[in-house]
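Inspection log for the structure reproduced underneath, given as structure tokens.
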Amino acid sequence: MLEEVERWLDRRSWSVADRPMERILAAKRNTRVSVVLPALNEEATVGDIVAVIRRELMSESVPLVDELVVIDSGSTDRTAEVAAAAGARVVARDAILPRIPAVPGKGEVLWRSLMVTSGDVVCFVDADLRDFSADFVTGIVGPLLTDPGIDFVKATYDRPFDTGLDEPAPGKIPGQGGRVTELVARPLLNLHWPQLAGFVQPLGGEYAARRSLLERLPFPVGYGVELGLLVDALHTVGLDALAQVDVGVRKHRHQDERALGRMAAAIYRTAQLRLSRGHLVRPRLTQFERGEDGFTPRTYAVDTEERPPMADITEYARRRVA
């Protein structure tokens with residue numbers, strides 16, 4: 001590990017307990033905080049997450065979060081209804097910037113969320129978390145409010161991997177679960193962006209940043225958004241403006257191997273584009289599924305589109321002036 005990264009780990013890696021709520025609220029002053037939940041068919045979990053944030057972070061005694069928005073990216077279940085009932089403002093992805101046709105993908109939703117939120121600090125939280133704790137928000141928002149030199153904060157945590165064994169207490173492997181992180185993202189970062197080797201969960205979906213930074217970054221539309229934002233933030237503001245906070249344990253739904261393969265391909269493509277900014281290899285991934293007649297190939301397109309920095313969008317510029 002680079003000496004620079006070792007120093008960074010000492011200076012820019014914290015625990016959620018390092019910043020008591022009293023200190024965070026005292027530092028908040030007039031800074032507005034927006035929390036965004038990108039959601040697609042998450043009716044089982046989104047309501048609980050919204051309820052915790054409303055109850056613990058949006059009360060008169062703890063007015064940390066000013067705005068809580070769920071961006072529904074085309075759910076076919078009751079995600080929007082459940083989120084609204086729990087107290088979130090729900091906005092449909094396709095209703096944001098209708099001039100630009102929406103494409104599927106998490107990064108697309110995060111990018112569009114900048115258009116319908118107003119916070120100086122924007123905090124992203126995945127909508128599939130179970131046993132959600134408000135620490136996920138306070139942990140990553142805290143450094144941005146208490147330290148003006150911090151621009152981007154990732155949550156770090158243990159990710160117990162549920163083995164799915166049919167036993168009284170399902171088997172859980174502590175500290176694992178980030179398979180794409182360990183097999184794809186971490187090797188890419190260590191080899192090509194070694195300054196980012198200190199991030200424990202570089203692909204985690206819980207992170208917060210200053211709007212002034214996010215609006216200057218391009219957003220990969222799909223699974224590559226986390227790696228893309230992290231790399232581009234490094235190049236834009238430098239390592240010392242990045243940080244991570246340990247918020248405990250993250251429990252969520254795990255993807256199957258084929259979905260992870262598609263995720264890995266999108267992340268590799270995002271890295272490739274940043275390395276070369278030139279010609280891309282064939283953006284397709286073929287996987288195999290066993291059927292009655294043997295293995296059947298299934299070919300998927302790998303996300304190859306990125307949204308430009310929001311600051312370049314006419315509607316966003318007009319809103320800032322207004």
Side-chain angles (χ1 to χ4, degrees), residues 2 4-5 8 12-13 34 36 38 97 100 103 105-115 117 119-126 140 143-144 149-156 180-181 184-245 263-280 283 302-313 316-317:
L2 298 175
E4 179 185 6
V5 177
W8 177 84
R12 293 293 189 247
S13 291
S34 298
V36 172
L97 287 173
I100 303 173
V103 298
K106 178 183 178 183
E108 177 83 355
V109 176
L110 301 184
W111 180 73
R112 288 175 186 265
S113 76
L114 297 181
M115 190 68 201
T117 55
D120 307 292
V121 169
V122 182
C123 173
F124 298 123
V125 176
D126 282 349
I140 56 180
L144 293 164
I150 301 295
D151 288 319
F152 188 97
V153 184
K154 296 278 293 190
T156 183
V180 176
T181 292
V184 181
R186 201 177 306 286
L188 283 171
L189 292 176
N190 276 263
L191 291 171
H192 299 295
W193 296 281
Q195 287 178 298
L196 298 175
F199 278 93
V200 178
Q201 296 288 358
L203 300 185
E206 290 68 47
Y207 46 100
R210 299 190 191 281
R211 176 178 294 272
S212 58
L213 171 61
L214 290 173
E215 66 187 13
R216 289 185 285 157
L217 301 181
F219 277 61
V221 298
Y223 287 127
V225 63
E226 272 80 32
L227 183 134
L229 290 178
L230 187 60
V231 169
D232 292 343
L234 171 69
H235 291 311
T236 302
V237 295
L239 180 60
D240 203 48
L242 314 183
Q244 63 184 349
V245 177
M263 184 183 300
I267 289 166
Y268 178 78
R269 175 262 164 193
T270 299
Q272 180 198 37
L273 180 61
R274 277 151 181 77
L275 287 168
S276 66
R277 295 293 177 184
H279 176 68
L280 294 177
V302 174
D303 296 319
T304 58
E305 187 170 356
E306 296 196 3
R307 294 305 189 186
M310 186 58 78
D312 295 343
I313 300 299
Y316 187 80

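For clarity, every value in this text was computed on a predicted model and none was experimentally measured. Side-chain atoms are counted along with the backbone in the values below, which use heavy atoms only and exclude waters and symmetry mates.
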Going through the checks in order, is the side chain to side chain contact (heavy atoms under 4.5 Å, CB included) test met by Ile150 and Arg12?
CA-CA 9 Å; Ile150 301 295; Arg12 293 293 189 247; 3.1 Å; yes
Check the pair Thr156, Gln201 against side chain to side chain donor-acceptor pair (under 3.5 Å), reporting the backbone distance first and the verdict last.
CA-CA 5 Å; Thr156 183; Gln201 296 288 358; 5.3 Å; no
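The distance from atom CD of Gln195 to atom CG of Asp240, rounded to the nearest 0.5 Å, is 10.5 Å. One distance of note links CG of Leu227 with CG of Leu189; it measures 5.0 Å at 0.5 Å rounding. In this structure, CG on Leu110 lies 7.5 Å from CG on Leu229, to the nearest 0.5 angstrom. Rounded to the nearest 0.5 Å, atoms CE (Met310) and CG (Leu97) are 5.5 Å apart. In this structure, Tyr223 OH and Leu203 CG are separated by 12.0 Å, a value rounded to the nearest 0.5 Å. Note that CD1 of Ile267 is 12.0 Å distant from CZ of Arg269, once rounded to the nearest 0.5 Å.
Nearest heavy atoms, Val5 versus Gly198: CG1-N, 3.7 Å. Contact detail for Phe152 and Leu144: the closest heavy-atom pair is N-CD2, 3.8 Å. In plain terms, the two heavy atoms of Ser34 and Gly119 that are nearest each other are OG-N, 2.8 Å. Across every non-hydrogen atom of Val180 and Ala264, the tightest pair is CG1-CA, 4.1 Å. Scanning both residues, Pro143 and Val153, for their nearest heavy atoms gives CB-CG2, 4.0 Å. Of all heavy-atom pairs between Phe124 and Ser113, the closest is CE2-OG, 3.5 Å.
The main-chain N or O of Ala311 is never found under 3.5 Å from a side-chain atom of Arg216 such that the two would form a donor-acceptor pair. No donor-acceptor pair closer than 3.5 Å links the side chain of Thr236 to the backbone N or O of Ala233. Here the side chain of Trp111 pairs no donor or acceptor atom with the backbone of Glu306 at under 3.5 angstrom. Under a 3.5 Å cut-off, the side chain of Trp8 and the backbone N or O of Leu239 do form a donor-acceptor pair. For the pair Arg186 (side chain) and Phe199 (backbone), a donor-acceptor distance under 3.5 Å is present. Arg211 places a side-chain N or O within 3.5 Å of a backbone atom of Thr117 that can act as its donor or acceptor partner.
Leu196 places none of its side-chain heavy atoms less than 4.5 Å from the side chain of Pro202. Contact annotation: the side chain of Leu114 approaches that of Phe219 to within less than 4.5 Å [non-hydrogen atoms, C-beta and beyond]. By the 4.5 Å heavy-atom criterion applied to side chains, Ile313 and Ile100 are counted as neighbours. Side chains of Arg307 and Val103 form a contact here, defined as non-hydrogen atoms less than 4.5 Å apart. Looking at Lys154 and Ile140, their side chains never come closer than 4.5 Å, going by heavy atoms from C-beta outward.
For Glu226, the salt bridge (charged side-chain N to carboxylate O under 4.0 Å, His left out) partners two or more places apart in sequence, or in a different chain, are Lys106.
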